[in-house]
Amino acid sequence: MAAGIIGIGSYVPEKVLTNADLEKIVDTSDDWIVSRTGIKERRICPEDKAASDLGTSAAIRAIEDAGISADEIEMIICATITPDMVFPSTACIIQDKLGIVDIPCFDLSAACSGFIYGLEIARNLVETGRYKNILVVAAECMSRVTDYTDRTTCVLLGDGAAAAIISKIEGDFGILDTYLGAAGKYSNLLYVPAGGSKMPASHQTVEKRLHFMKMEGSTLFRIAVNAMSDSVKKILERNKISPEDIALFIPHQANIRIIQGVAKLAGIPMEKVFLNIEKYGNMSAASVGVALDEAVKSGKIKKGDLICMVSFGAGLTWAANVIRWSKNG
Ligand code: ACO
């Protein structure tokens, strides 16, 4: 039995944070940000909302797109590194907001690779025949772990959510293959030091700004280009697919220069690469999902097209999949 995406949706908050806004709070410039990252603006979640609210809005759109009702969903997986709370899981909160009862719900922590990890878990559970419809949500409020006094990270991140319904698919459609990887030895390159069991919140952790993301940008840049291009090459090779067969390549939207490097090494022309980085920046797990939704809704992906998604993030983690798209718009 094959499994694939029968419905997709996304949601980004209305508030826009532009490069001009950032110029007023840190020593940076629109020129630097655009030329070094490709980002022009990003979306920011309102203070009275959280990741579950963004995720619920995306989920409602995915459920509608799938043409099913919420009570037909049999499991919710939420990929997030910015959960509403340490516990309970954001997936449980989304379940309640959707008015669904009595199904398993859990969060998945794989940072920017979380959406592709979630699709792969759902695909395997559907393929066993045990579950019919699984909702995979990627919901991130990266602005809540961003230090707006640190110019090396605050220009990169934004908030948003994406959701997909994974179900049985007839014919040669669906998620054909997924390649997942991780290297915990690099966990010190991208992390939030405090707020977990290692360094619980204290006055000192707050004063030292340890609840915000810390990053070694240039090392990550190099590893990201290698890990993502390698993932693409591996998944294409083992499925005997050439880059020419791919209709659209959907990479994680962290930095335009990373995307260009990956495309070059994997032999994919930039015309086949979907980009929305200039509007949203890096929304962690939500990035590839929002990009996929926008590509489908704008008619860039049609029934029968082969698409390749690829991401990398904190962990470090990386992931790529190949999907034969099964529906129009
Ligand atoms: N504005 C102006 N100058 C800046 C800014 C800024 N916003 N940020 C850094 N600079 C300066 C630096 O201080 C440095 O100055 P110096 O030479 O005087 O020391 C100079 O610009 C160059 O800095 P680099 O770090 O070498 O710049 P680089 O070209 O590597 O770009 C960047 C930095 C954009 C962070 C890049 O390294 C990158 O994108 N890395 C990957 C980030 C990423 O993808 N993170 C993971 C995803 S997040 C997740 O998984 C949750």
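Atoms considered below: every heavy atom in the structure, side chains included; atoms not considered: hydrogens, waters and symmetry mates. Whatever order the structure lists them in is the order used to number ligands and atoms, beginning at 1. Residues take their numbers from the sequence shown, with the count starting at 1.
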Taking distance alone, with N or O pairs closer than 3.5 Å, would you say [X] contacts ligand 1?
| X | result |
| --- | --- |
| Ser29 | no |
| Leu156 | no |
| Asn282 | no |
| Arg36 | yes |
| Asn255 | yes |

Does the protein put any heavy atom within less than 4.0 Å of atom 37 (O) of ligand 1?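 Neighbour list for atom 37 (O) of ligand 1 includes protein heavy atoms (cut-off 4.0 Å).
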re atom 1 (N) of ligand 1, the protein heavy-atom contact at minimum distance is Thr28 OG1, 2.7 Å
Tell me, please: is Ile258 in heavy-atom contact with ligand 1, that is, under 4.0 Å? yes
Quick check on Ile81 - does any of its heavy atoms sit under 4.0 Å from an atom of ligand 1?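 Heavy atoms of Ile81 do come under 4.0 Å of ligand 1.
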Can you check which of [options] brings a heavy atom nearest to [atom]?
| atom | options | answer |
| --- | --- | --- |
| atom 51 (C) of ligand 1 | Gly217, Cys112, Gly38 | Cys112 |
| atom 2 (C) of ligand 1 | Phe312, Trp32, Tyr191 | Trp32 |
| atom 31 (O) of ligand 1 | Met283, Arg257, Glu140 | Arg257 |

Atoms in ligand 1 with a heavy atom of Met142 nearer than 4.0 Å: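 Here the atoms of ligand 1 in question are 51 (C).
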Which part of Leu190 is near ligand 1, with near meaning a heavy atom under 4.0 Å away: side chain, backbone, both or neither?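 Side chain only; the backbone of Leu190 stays clear of ligand 1.
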Relative to ligand 1, is Thr153 under 4.0 angstrom through side chain, backbone, both or neither, heavy atoms considered?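 Under 4.0 Å from ligand 1, Thr153 contributes no heavy atoms.
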With a sphere of 6.0 Å drawn around CZ of Phe221, does it hold more than 12 non-hydrogen atoms of other residues, nucleotides or ligands?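 For Phe221, atom CZ is crowded (more than 12 foreign heavy atoms under 6.0 Å).
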